[in-house]
Amino acid sequence: MTPGRFPPRVRIAPSPTGAPHVGTAYVALFNRTFAKKHGGQFILRIEDTDRTRSTRESEDAIYRALRWLGLDWDEGPDVGGPCAPYRQSERSAIYADHARMLLDNGTAYRCFCTAERLEELRAFQRAAKRPPGYDGLCRKIPKDESDRRATAAEPFVIRLRIPDDGATAFDDLLRGRIEIANKDVDDQVLMKSDGFPTYHLANVVDDKLMGITHVMRAEEWIPSTPKHLLLYRAFGWEPPVFCHLPLLRNQDKSKISKRKNPTSLEWYQEQGYLPAALLNFLALMGWTTNDNTEIFSVDRMLEEFAPETITTSSPVFDLTKLDWLNGEYIRALATDALTDKLIAFYAERGRTLDRALMLRIVPLVRERLKKLVEFDEMTQFFFTDAITIDLAEFDAAKKLTPDQRKQALTAALAVVRGTTPFTKDAMEAPMKAALESLGFKMGDFFMCLRIAITGKRATPPLLESMEVLGQDVCVRRIEAALRLLG
RNA sequence: GGCCCUGUCGUCUAGCCUGGUCUAGGACAUCGCCCUUUCAAGGCGGUAACACGGGUUCAAAUCCCGUCAGGGUCACCA
């Protein structure tokens with residue numbers, strides 16, 4: 001059984017700086033699943049304490065992306081909740097009060113060091129091959145002097161006073177006991193000189209005030225967890241249970257980055273990945289069902305999920321497998337449902353698709369699509385009369401001379417002209433008959449026709465496609481191809 | 001560099017806690033064959049892994065130690 005208070009209250013705390021990140025969805029999925037399974041709450045908190053980088057557009061994009069995935073939250077800036085506000089920039093007074101508490105009980109101190117001095121300090125430490133870190137100069141400033149300088153409007157930050165010796169330990173839900181010597185922990189800045197808190201202060205204060213019971217966050221936070229623990233102690237608070245999730249990685253094993261991988265959730269949406277497939281894939285990155293089934297819904301995950309069953313090693317993000325999974329989800333969709341998704345998908349990019357026509361085309365491409373965006377390329381020839389044919393494409397009919405290719409098309413044209421009703425079934429026999437009288441290889445014969453009709457070598461089923469296109473269009477295209485062949 | 005995390009097929013993983021049933025299972029990718037008018041989809045089959053070295057034990061992927069490797073982190077970013 002998972003330790004900690006139940007029902008759980010968990011959160012994700014994305015920073016609205018840039019495009020909504022796939023890692024945010026990853027962490028959100030595990031947090032939300034855990035909360036839902038135990039009747040708890042999943043909270044979205046916006047960590048916009050970095051005033052120079054946070055934007056409202058980015059915040060809105062996070063909402064959109066998470067909602068697109070169906071990762072909705074019980075409490076958050078846009079939906080409110082009992083612990084509002086959920087946007088840290090609106091909680092400044094709270095952090096200031098809490099920083100004051102630490103100043104008063106001596107667990108934190110003002111630091112008046114300039115950025116220049118800190119820069120020099122780091123340069124010196126680097127040169128001396130010493131680990132970088134604050135040297136504690138301002139620790140020694142007496143309380144009254146500190147107060148006086150603050151009153152005199154001298155700029156300062158507030159730092160946490162880390163004990164010189166001893167160690168800080170915690171039991172990570174996934175990794176067991178982790179202990180870090182205090183001498184290896186820096187006197188972390190809690191309040192910046194602009195009066196805004198750093199992540200460390202804000203996250204601890206908010207987690208406490210919002211009743212967070214379990215902190216499930218990325219592994220990269222392990223080294224700063226002692227700071228957070230020490231903060232809880234400084235406030236006299238009971239810390240939550242910590243669970244450090246594996247990091248998504250690039251092919252080269254480094255932490256996933258936008259230079260080496262698509263990390264924006266908007267990209268996945270634009271490519272036409274289905275939310276259910278992306279979620280399934282993300283879950284697979286570190287977790288599996290009891291019987292190792294690979295294709296499963298969020299509901300199934302809800303039934304079997306326990307945070308301690310997440311793997312500890314960080315998975316490489318493998319788009320190829322996502323593509324396969326997405327294809328599986330697309331193929332599992334009924335024609336009707338896939339059609340609706342495609343229509344909606346293209347409506348968003350300003351293209352209107354006729355539903356009746358779509359209902360005829362979709363069955364022809366359903367098992368060929370890995371992503372919705374591929375529909376466009378795959379079906380162009382249905383939507384434009386201006387197909388372009390590269391003469392070289394006809395070389396795909398390897399065994400046929402240029403003259404024989406014309407013969408093939410001429411024969412096919414006769415069949416097309418003479419077939420009523422113009423259906424695949426009606427065309428089949430006469431086409432085969434024409435082919436036989438010519439004595440060509442079936443593949444070559446149909447390849448000529450395929451290129452004449454679609455302009456491409458790889459297409460949906462040919463006769464079915466022709467049926468959808470209609471007799472007139474097919475006649476025109478074969479005639480055009482014949483002219484092209486001379 | 002210090003500290004911390006991790007180490008099963010190319011990739012995601014099952015197995016590890018509670019050693020023997022593991023000549024290590026599944027999936028993606030890849031290769032071959034079948035199906036087939038193209039491309040897919042589907043079917044069948046193949047290649048492919050316990051990082052290394054010591055121990056403990058009748059027996060280790062599984063327990064212990066060490067080494068090595070990879071990653072993360074060392075900001076008035078989160």
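All chains are named by letter (A, B, ...) in the order of the sequence lines, taking the proteins before the strands, and each is independently numbered beginning at 1. Note: hydrogens, waters and symmetry copies are ignored here, and every other heavy atom, side chains too, is used. What you see is a predicted model, and the numbers here were worked out from it, not measured in a lab.
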Pairwise P distance, C33(B) and A49(B) [rounded to whole Å]:
24 Å
Both Q251(A) and I222(A) contact RNA chain B. Which one's nearest nucleotide lies toward the 5' end?
I222(A)
Which residues share a side-chain hydrogen bond (donor to acceptor under 3.5 Å, both in side chains) with D206(A), sequence neighbours left out:
Q88(A), R91(A), Y95(A)
Expressed in angstrom and rounded to an integer, what is the separation of Y26(A) atom OH from C12(B) atom P?
11 Å
Is the side chain of Y63(A) donor-acceptor paired with the backbone N or O of P77(A) at a distance under 3.5 Å, no angle test?
no
A41(B) and C34(B): how far apart are their C1' atoms, nearest whole angstrom?
14 Å
Yes or no on ring pair (Phe, Tyr, Trp, His ring centres under 6.0 Å) for W287(A) and Y26(A), after CA distance, side-chain angles and deciding distance?
CA-CA 11 Å; W287(A) 187 79; Y26(A) 180 62; over 10 Å; no
Between P on A14(B) and CH2 on W287(A), what's the gap in Å once rounded to a whole number?
11 Å
Go ahead and name the base partner of U38(B); Watson-Crick or wobble counts if both distances stay under 3.5 Å, otherwise write none.
none
Can you pull out every ring pair (Phe, Tyr, Trp, His ring centres under 6.0 Å) where at least one residue sits in residues 314-333 of chain A? Sequence neighbours excluded, please.
F281(A)-F317(A)
Rounded to the nearest angstrom, tell me the gap between atom CG in N250(A) and atom P in C12(B).
12 Å
Taken in chain and number order and not counting sequence neighbours, the residues that satisfy side-chain hydrogen bond (donor to acceptor under 3.5 Å, both in side chains) with Q125(A) are none
Could you check, using the six-membered ring where one of them is a Trp, whether F440(A) and F445(A) have ring centers closer than 6.0 angstrom?
no
Is the Lys NZ or Arg CZ of R159(A) less than 6.0 Å from the centre of Y134(A)'s six-membered ring, within 45° of the axis?
yes
Partner set under side-chain hydrogen bond (donor to acceptor under 3.5 Å, both in side chains) for R177(A), not counting sequence neighbours:
D171(A)
Can you pull the salt bridge (Lys or Arg N to Asp or Glu O under 4.0 Å) pairs that have at least one residue in residues 276-298 of chain A, sequence neighbours excluded?
D291(A)-R300(A), E294(A)-K321(A)
Can you tell me if K441(A) uses its side chain to pair, donor with acceptor, with the backbone of K398(A) under 3.5 Å?
no
Return the pairing partner of C63(B) with a 3.5 Å limit on both distances, Watson-Crick or G-U wobble; otherwise return none.
G55(B)
Please state how far atom CD in E179(A) lies from atom C1' in C5(B), giving the value in whole angstrom units.
15 Å
Which parts of nucleotides 26-42 of chain B does protein reach within less than 4.0 Å, heavy atoms only, written one letter per nucleotide 5' to 3' as B for base, S for sugar-phosphate only and - for none?
BBSS-------BBBBSS
Rounded distance in Å between the C1' positions of C28(B) and C9(B)
12 Å
P-based separation of G25(B) from U18(B) [nearest Å]
25 Å
At less than 4.0 Å, is any side-chain N or O atom of T311(A) found next to OP1 or OP2 of U13(B)? Yes or no.
yes
Counter-base of A78(B), judged by Watson-Crick or G-U geometry with both distances under 3.5 Å
none
Do the side chain of S58(A) and the main chain of S54(A) share a donor and acceptor less than 3.5 angstrom apart?
no
Residues which pass side-chain hydrogen bond (donor to acceptor under 3.5 Å, both in side chains) with S146(A), listed by chain and number, not counting sequence neighbours
R110(A)
Inter-nucleotide P distance (U21(B), G15(B)), Å rounded:
16 Å
Expressed in angstrom and rounded to an integer, what is the separation of R217(A) atom CZ from C5(B) atom P?
15 Å
So what does G327(A) hit on the nucleic acid, given a heavy-atom distance under 4.0 Å: a base, only sugar-phosphate, or nothing?
nothing
If the P atom of G10(B) is compared with that of A24(B), how far apart are they to the nearest Å?
15 Å
Using the P atoms only, state how far U56(B) lies from U11(B), rounded to an integer number of Å.
33 Å
Donor-acceptor contact present, side-chain N261(A) to main-chain T263(A), <3.5 Å
no
At under 4.0 Å between heavy atoms, which parts of nucleotides 64-78 of chain B does protein reach? Answer with one letter per nucleotide, 5' to 3': B base, S sugar-phosphate only, - none.
------SSBSSSBBB
Within residues 165-175 of chain A, residues whose heavy atoms come under 4.0 Å of RNA chain B
R175(A)
All N/O donor-acceptor pairs, side-chain side in residues 160-170 of chain A, below 3.5 Å, sequence neighbours left out:
from	atom 1	to	atom 2	distance (Å)
R161(A)	NE	G106(A)	O	3.0
D164(A)	OD1	R139(A)	NH1	3.1
T168(A)	OG1	N182(A)	OD1	2.7

Considering only nitrogen or oxygen atoms on both sides, find all protein atoms under 3.5 Å from nucleotides 60-62 of chain B and state each distance.
none

So side chain to side chain donor-acceptor pair (under 3.5 Å) across residues 459-468 of chain A, not counting sequence neighbours, yields R450(A)-T459(A)
Using the C1' atom on both, measure G45(B) against C64(B) and round to a whole Å.
42 Å
Paired with G72(B): which nucleotide, if any, by Watson-Crick or G-U wobble criteria at under 3.5 Å for both distances?
C3(B)
Across every strand shown, the nucleotide meeting Watson-Crick or G-U wobble geometry with G32(B) (both distances under 3.5 Å) is C44(B)
